[in-house]
Amino acid sequence: MQKPSIPQGTRDFGPAQVARRQHIFNVIRRTFETFGYAPLETPTLENLSVLTGKYGDEGDQLLFKVLNSGNFLVKERRGEITPFVTAEDLEAGPKAVLPKIAEKGLRYDLTVPFARYVAMNRGTLTFPFRRYQMQPVWRADRPQRGRYREFWQCDADVVGTDSLLCEAEIVLMMAQVLNGLGLDDFTIKINHRGVLRNIYQALGGEGQEADLFVAIDKLDKIGREGVTNELLTKGFTEPTIDTLFALLNMEGDYTGKLTRLLAGFVTAGVEPDGQRPTQDSDEDDDELTYYRGLNELNEVRELLEASGFRQFDRLEFDPTLARGLSYYTGCIFEVKINNVQMGSVSGGGRYDNLTGSFGLPGVSGVGFSFGVDRLYDCLETLDLFTDTSETPTRCLLTHFDPASGRAALPLLAELRAAGIPAELYPDASKLQKQFKYADAKGIPLVIVLGPEELAAGVAKIKIMKTGEETVLPLSEVVGALTV
RNA sequence: GUAGAUAUAGCUCAGCUGGUUAGAGCGUCGGAUUGUGAUUCCGAAGGUCGUGGGUUCGAGCCCCAUUAUUUACCCCA
């Protein structure tokens, strides 16, 4: 006999866990649909040509590849067998062998399959196209806290519009889901790739741009010293780093930070990359609009205000927020649940050229994603799950002997027809055992239908939580329970 | 890929500087006079101590290897 096991970084979900996860999915789905997003599902398997190169070198290594079917080592044609993987291939290493033995992989996220779908269906889609997608993704990562090899993402994206209203709605949806789940203490961080680029320019464009972003993204985690050390090893000079922290070290609220950064960029002589407003807006904003990032962040805030957004204390403009995925070009988002040691539970941003690599250039998209598994972990550590039931069953019918079991069937059918999840204990076990069963499963009601009750044409209903018992004529039972 | 930790009953874990038949709680099953649950009492079942070597008169404990799990780094949801 072998010990049963499941692959590293995967989990089984028991009935109670599934119920809780469904709750999370339902809150997210309702929110997405309220905002007009339509559901989409894509295959678990994608061709590796679709997946590779989209997530950087590190991402490619984290892809789960699926071995080709059949004898993938040879090619057989009309009885003629030629080796598919040659000795030279093996000599050259995995990179030469892999494309020959694996042409499919498990999806790594939902954004790239979505981009692939948009590119393939460009003719039939009506733009702007809003879709949401809730499916598992796989990464061959080393599992640790809040990190799994199989986990579920819930994405909502819009393609085919540059409107910043989409960005504002992302913030609204994030807040609605978190509030709906009872995760009240959260921080939505927002930044803009343009701001990061301006910061880089303000430093004089010295060193690697990507290294800079990766380093400052860790500021809240490793602190100023850690970031300084990392930047020094990447070849940044101390004066540059001082300039950087002068720019980043900003107290104040959302707009306060915007104006301070603007001043910083102007003094540093950063070349404006934004466009002057085509239509008249407030004269005060004019200077801001020279910088695309700052301008868009400001506009998103204004749109939120106009939409009735009230949780500005939970929305933070964080100029150090960088995020890894390289395809972001505009606003970027990330959500942290406070007082829980957990990575971000949601993130997203705008990509100006989402479908470009699939032969459909110039399509802008913006979207974000919830990590259901992390949301679950947060809810659990904060003890925010309320339900305890392991079963949907609301009502258990007891079973005394074959005759009473048979006699209970009409009532059972009636309850189910009324939409009340019910079950009859399958065996004529001791009543004690049947009550224990109901208790262990969290079934709230037990109907005792024994020889005595049957003789009198009544049923005894026990409310497990209170222990209270009521006797009703059989005909009134369903009516009493549907109230 | 780098570094650390852990592995004993179904679950969570004890197990002394190596010493005779391996422990608890929870869970499971049975019982506490007839048809009532989570509380109480009594009882039972359940372990080749991850696997393979080694040291020793003797190993759950020490050493080596191996596998699995887990935490942190990298990166990310």
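The analysis underlying the following values was restricted to heavy atoms, covering all of them including side chains, and did not include hydrogens, waters or symmetry mates.
Checking A:Thr111, A:Asp109, A:Asp60 one by one against A:Tyr55, the side-chain hydrogen bond (donor to acceptor under 3.5 Å, both in side chains) holds for a single residue, A:Asp109.
With rounding to whole Å, A:Lys436 atom NZ is found 9 Å from B:G31 atom P. One atom, CD1 of A:Ile443, and another, P of B:U36, lie 19 Å apart when rounded to the nearest Å. Summarising the geometry, the separation between NZ on A:Lys54 and P on B:C75 is reported as 22 Å, rounded to the nearest angstrom. The separation between A:Phe370 atom CZ and B:A77 atom C1' is 11 Å, rounded to whole Å. Nucleotide B:A77 holds its P atom 13 Å from the NZ atom of A:Lys336, rounded to whole Å. Summarising the geometry, the separation between CZ on A:Phe435 and C1' on B:G37 is reported as 7 Å, rounded to the nearest angstrom. Atom NZ in A:Lys433 sits about 10 Å away from atom C1' in B:G30, given to the nearest Å. Counting to the nearest Å, the P atom of B:G10 and the CG atom of A:Asp12 are 18 Å from each other.
Ion pairing of A:Glu46 with A:Lys104 is absent here, as no side-chain N (NZ or NE/NH1/NH2) approaches a carboxylate O to less than 4.0 Å. Ion pairing between A:Arg130 and A:Glu169 holds under the 4.0 Å rule for side-chain N and carboxylate O. A salt bridge is absent between A:Arg323 and A:Asp217; no separation between the charged side-chain nitrogens and carboxylate oxygens falls under 4.0 Å.
Taking atom P in both B:C11 and B:U48, the straight-line distance is 13 Å, to the nearest Å. Comparing the C1' positions of B:G19 and B:G58 gives a spacing of 7 Å, expressed to the nearest Å. The separation of B:C13 from B:C76, taken at their C1' atoms, amounts to 33 Å, rounded to a whole angstrom. Nucleotides B:U66 and B:U56, compared at atom P, are 23 Å apart to the nearest Å. Between B:U39 and B:G25, the distance separating the two P atoms is 14 Å to the nearest Å. B:U67 and B:U21 have their C1' atoms separated by 32 Å, with the value rounded to a whole Å. Taking the C1' atoms as reference points, B:G18 lies 15 Å from B:G54, given to the whole Å. Taking the C1' atom of each, B:G10 and B:C29 are spaced 13 Å apart, rounded to whole Å.
For the atom pair A:Asp318 CG and A:Leu219 CG, the distance stands at 8.0 Å (nearest 0.5 Å). The OH atom of A:Tyr376 sits 11.0 Å away from atom OG1 of A:Thr381, with the distance rounded to the nearest 0.5 Å.
Residue-to-nucleotide proximity on RNA chain B shows that, of A:Pro143 and A:Phe151, the 5′-proximal contact is made by A:Pro143. When each of A:Pro7 and A:Met464 is assigned the nucleotide of RNA chain B bearing its nearest heavy atom, the one mapping closer to the 5' terminus is A:Met464.
Nearest to the side chain of A:Val448, among B:U36, B:C74, B:G35, sits B:G35. Side chain of A:Arg139, nearest nucleotide from B:C76, B:A72, B:G37: B:C76. You'll find that the side chain of A:Lys430 is closest to B:G31, out of B:C76, B:G35, B:G31. Distance from the side chain of A:Arg142 is smallest to B:G1 among B:A77, B:A32, B:G1.
Ring centers of A:Phe25 and A:Trp152: under 6.0 Å apart, within the cut-off. Note: A:Tyr132 and A:Phe32 meet the aromatic proximity criterion, with ring centroids under 6.0 Å apart.
Counting any heavy atom pair closer than 4.0 Å across all strands shown, A:Gly59 reaches no nucleic acid atom. Across all strands, A:Ser346 comes closer than 4.0 Å only to sugar-phosphate atoms, never to a base (heavy-atom distances). Heavy atoms of A:Ser344 sit under 4.0 angstrom from primed sugar atoms or phosphate atoms, though from no base atom. Residue A:Tyr437 is classed as having no contact, given no heavy-atom separation below 4.0 Å to the nucleic acid. Looking at heavy-atom distances under 4.0 Å, A:Gln61 makes no contact with the nucleic acid at all. Within the nucleic acid shown, A:Gln144 comes within 4.0 Å of at least one base atom, counting heavy atoms only. Heavy atoms of A:Glu334 sit nowhere under 4.0 angstrom from any nucleic acid atom.
Regarding contacts with the backbone of B:U69, a side-chain N or O of A:Gln8 is found under 4.0 angstrom from either OP1 or OP2. In this structure, A:Lys218 reaches the B:C74 phosphate: one of its side-chain N or O atoms is under 4.0 Å from OP1 or OP2.
Heavy atoms from other residues, nucleotides or ligands lying under 6.0 Å from CZ of A:Arg406 number 12 at most. Other residues, nucleotides and ligands contribute at most 12 non-hydrogen atoms within 6.0 Å of the NZ atom of A:Lys436.
In the interface, the side chain of A:Lys460 is paired with the base of B:U36 through a donor and an acceptor atom under 3.5 Å apart. For a distance-only test at 3.5 Å, the side chain of A:Glu469 qualifies as a donor-acceptor partner of the base of B:U36. If you check distances only, the side chain of A:Arg147 never reaches the base of B:A77 with a donor-acceptor pair under 3.5 Å. For A:Glu58 and B:G1, a side-chain-to-base donor-acceptor distance below 3.5 Å is absent, hydrogens and geometry of angles not being considered.
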Could you walk me through whether A:Asp157 and A:Arg131 pass the salt bridge (Lys or Arg N to Asp or Glu O under 4.0 Å) test, one step at a time?
CA-CA 6 Å; A:Asp157 296 77; A:Arg131 75 85 236 231; 2.3 Å; yes

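Below 30°, between 30° and 60°, or above 60°: for A:Tyr351 and A:Tyr328 the angle between ring planes is below 30°, a parallel geometry.
Using modelled atom types, one finds no donor on one side chain facing an acceptor on the other under 3.5 Å when comparing A:Arg350 with A:Thr329. Between A:Thr393 and A:Glu423, the side chains place a donor N or O and an acceptor N or O closer than 3.5 Å (distance only, hydrogens not considered).
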Could you spell out the base pairing of RNA chain B in dot-bracket, with Watson-Crick or G-U pairs whose two distances are under 3.5 Å, [ ] crossing and | to another strand?
(((((((..((((.....[...)))).(((((.......))))).....(((((..]....))))))))))))....

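No side-chain donor-acceptor contact under 3.5 Å links A:Glu167 to the backbone of A:Val366.
Only A:Arg374, listed by number, bring a heavy atom of residues 371-382 of chain A to less than 4.0 angstrom from any atom of RNA chain B.
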So if I define the base as every atom that isn't primed, P, OP1 or OP2, how would nucleotides 41-46 of chain B read as a B/S/- string at a heavy-atom cutoff under 4.0 Å?
------

